[in-house]
Amino acid sequence: MIPTMRQLEALVLVYRHGSLTKAAAELRVSQSAVSLLIKQIEENFQLRLFDRTTRALHPTLACKDAVPIAERILAGANGLARYMSDLVEVKAGRITIAVSAGVASALLPRVLARFRADYPDVRVELFDVAPDDLLAFVTAGEAELGIGSVENADTLDTKIETLTQSSLSAIAVKDGRFEKASRLTWDNLENCDLITMRRGTRIRSQIDEALARTGRQLKPKLEVSLITTALALTAEGAGISILPAHMLPETQFPTLTAVPLSRPAIIRHVSLVSRADFVRSPAAQRFVETAKQVLSVRRAADRRGEVPADSKSKSRLVTRKAP
């Protein structure tokens, strides 16, 4: 039978002190309890560990050989205990996170900066994936958490939590007039050069379906596959991008501004995705809390900038054509 940790502790302390009494004091048990622990090891392995005299204990050769091994086992167990404690206190550990490309560019940097400042010893492994691959990546167990826009993902295998949301917006270069508009309508954009996501993408499908219900049809000048491409083109004056406001990373594109669109207002969500049958590690739970704190600030700011979708907007937009 494998000796218990308590038996190994007794063996090492009796060897170090050469006394049952001193070993018992350190273990905070009675002398007879320590004597019993040593006896149990000896009976288990049919080995004498100490030669006893009326005044002292003398370790046998078997004891001298066994103590270094016992010390290594105890050191390993203590190290494991400290590491497990560090995991609980988020002083160690590793988390794997999958993010869609847009989130990786616009939202993740601020979340990750806050998390690393608060928990510098936690290793974060990131996977930037295509939006359509995000859900499958998480459900396959390749990542502990996923962050992105997901639709129709209510299954028994997944847990979906909204982190932030904002209206689809017209994003353009600040020119002294555009950024002063509190809200624009789709009709305001009729004569503008528009940059949108390609047909088949989730954002574009949502736009086309919403406009079709009002008898409208979107006629963009440029269609792209990546949000960052649309923003880069807009920053160079190629047109006005139609994107969620939360997808505009202001530090990367300081010359751009987003004005919410209404009639109809179209809302896009960014969600946290995890497997329903997985228990989050302490580090992952702290990351979720950090993401909610950082992104809730943006959500509140977006709400303050919104007006009811059915209100009569007096905003007017100067026709923008690419040079």
Side-chain angles (χ1 to χ4, degrees), residues 93-116 119 122-166 168 171 195-207 223-233 241-253 266-281 283-295 298-299:
R94 178 177 70 97
I95 55 175
T96 54
I97 304 169
V99 292
S100 61
V103 169
S105 174
L107 302 178
L108 185 66
R110 291 183 294 116
V111 176
L112 190 57
R114 171 78 67 82
F115 182 79
R116 295 191 68 178
Y119 307 103
V122 176
R123 178 186 172 192
V124 180
E125 188 171 358
L126 295 175
F127 298 92
D128 47 344
V129 301
D132 290 339
D133 295 335
L134 180 66
L135 190 62
F137 202 86
V138 175
T139 55
E142 299 292 334
E144 193 170 359
L145 302 171
I147 303 178
S149 297
V150 293
E151 286 87 17
N152 302 321
D154 294 330
T155 70
L156 295 176
D157 297 330
T158 58
K159 181 179 181 182
I160 310 294
E161 302 175 61
T162 298
L163 290 176
T164 190
Q165 64 184 41
S166 64
L168 281 183
I171 298 177
I195 304 170
T196 68
M197 306 304 292
R198 292 191 183 280
R199 290 182 181 275
T201 59
R202 291 175 178 176
I203 293 177
R204 180 63 182 276
S205 296
Q206 195 172 3
I207 293 173
E223 297 182 351
V224 299
S225 300
L226 299 176
I227 290 174
T228 50
T229 303
L231 293 173
L233 289 169
S241 289
I242 307 300
L243 294 169
H246 59 250
M247 287 303 179
L248 172 59
E250 297 172 357
T251 56
Q252 297 177 43
F253 297 96
I266 302 174
I267 305 299
R268 292 290 296 174
H269 299 81
V270 173
S271 300
L272 176 76
V273 184
S274 58
R275 282 184 53 161
D277 57 346
F278 276 20
V279 177
R280 290 175 189 158
S281 66
Q285 183 58 36
R286 294 295 192 281
F287 186 88
V288 171
E289 293 168 0
T290 300
K292 289 180 178 179
Q293 291 170 359
V294 172
L295 298 182
R298 183 167 193 133
R299 184 192 293 187

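Count residues from 1 along the sequence. We use all heavy atoms of the structure for the numbers below, so side chains are in, but hydrogens, waters and symmetry mates are not.
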Next on the checklist: Restricting to salt bridge (Lys or Arg N to Asp or Glu O under 4.0 Å), what partner residues turn up for Arg275, sequence neighbours left out?
Outcome noted: Asp277
Checklist entry - Out of curiosity, Arg94 CZ to Arg123 CZ, how far, rounded to the nearest 0.5 Å? => result 5.5 Å
Checklist entry - How far apart are the closest heavy atoms of Leu134 and Ala98, and which atoms are they? => result CD1-O, 3.5 Å
Item to check | Side-chain touch Val124/Ile97, heavy atoms, less than 4.5 angstrom | outcome: yes
Next on the checklist: Please determine whether side-chain contact (heavy atoms from CB on, under 4.5 Å) holds for the pair Leu126 and Leu108, giving the CA-CA distance in whole Å, both sets of side-chain angles, and the decisive distance to 0.1 Å.
Outcome noted: CA-CA 10 Å; Leu126 295 175; Leu108 185 66; 3.7 Å; yes
Checklist entry - Which pair of heavy atoms, one from Met197 and one from Ser225, lies closest together, and at what distance? => result CE-O, 3.2 Å
Next on the checklist: Using modelled atom types and a 3.5 Å cut-off, is there a donor and acceptor pairing between side-chain atoms of Arg204 and backbone atoms of Arg198?
Outcome noted: no
Item to check | Steps toward side-chain contact (heavy atoms from CB on, under 4.5 Å) verdict (Val138, Thr158) | outcome: CA-CA 9 Å; Val138 175; Thr158 58; over 6 Å; no
Checklist entry - What is the distance from atom CG of Leu163 to atom CG of Leu107, rounded to the nearest 0.5 Å? => result 9.0 Å
Item to check | Closest approach of Thr290 to Val111 (non-hydrogen atoms, all atoms of both residues) | outcome: CG2-O, 3.8 Å
Checklist entry - Where the side chain of Thr96 meets the backbone of Glu144, is there a donor-acceptor pair that is under 3.5 Å apart? => result yes
Checklist entry - Just how far is it from atom OG1 of Thr201 to atom CD1 of Ile207, taken to the nearest 0.5 Å? => result 7.5 Å
Checklist entry - Quick one: are Arg268 and Met247 in side-chain contact, heavy atoms under 4.5 Å? => result no
Checklist entry - Heavy atoms, side chains only, cut-off 4.5 Å: are Arg286 and Tyr119 in contact? => result yes
Checklist entry - CD/Gln206 to CZ/Arg202 distance, rounded to the nearest 0.5 angstrom? => result 11.0 Å
Checklist entry - Hey, does the side chain of Thr229 reach the backbone of Val224 with a donor-acceptor pair shorter than 3.5 angstrom? => result no
Checklist entry - Do you know which two heavy atoms are closest between Ala284 and Ile95, and how far apart they sit? => result N-CG2, 3.4 Å
Item to check | Minimal non-hydrogen separation, Ser274 against Leu145, with atom names | outcome: CB-CD2, 4.1 Å
Checklist entry - Once you round to the nearest 0.5 Å, how far does OG1 of Thr196 lie from CD of Glu223? => result 4.5 Å
Item to check | Partners meeting ring-ring contact (aromatic ring centres under 6.0 Å, His included) with Phe253 (sequence neighbours left out) | outcome: none
Next on the checklist: If I take atom CG from residue Leu168 and atom NE2 from residue His246, how far apart are they, to the nearest 0.5 angstrom?
Outcome noted: 8.5 Å
Checklist entry - Got a sec, which residues hit ring-ring contact (aromatic ring centres under 6.0 Å, His included) with Phe287, two or more places apart in sequence or on another chain? => result Phe115
Checklist outcome for this item: Smallest heavy-atom separation, Pro249 atom then Ser105 atom, equals CB-O, 3.9 Å
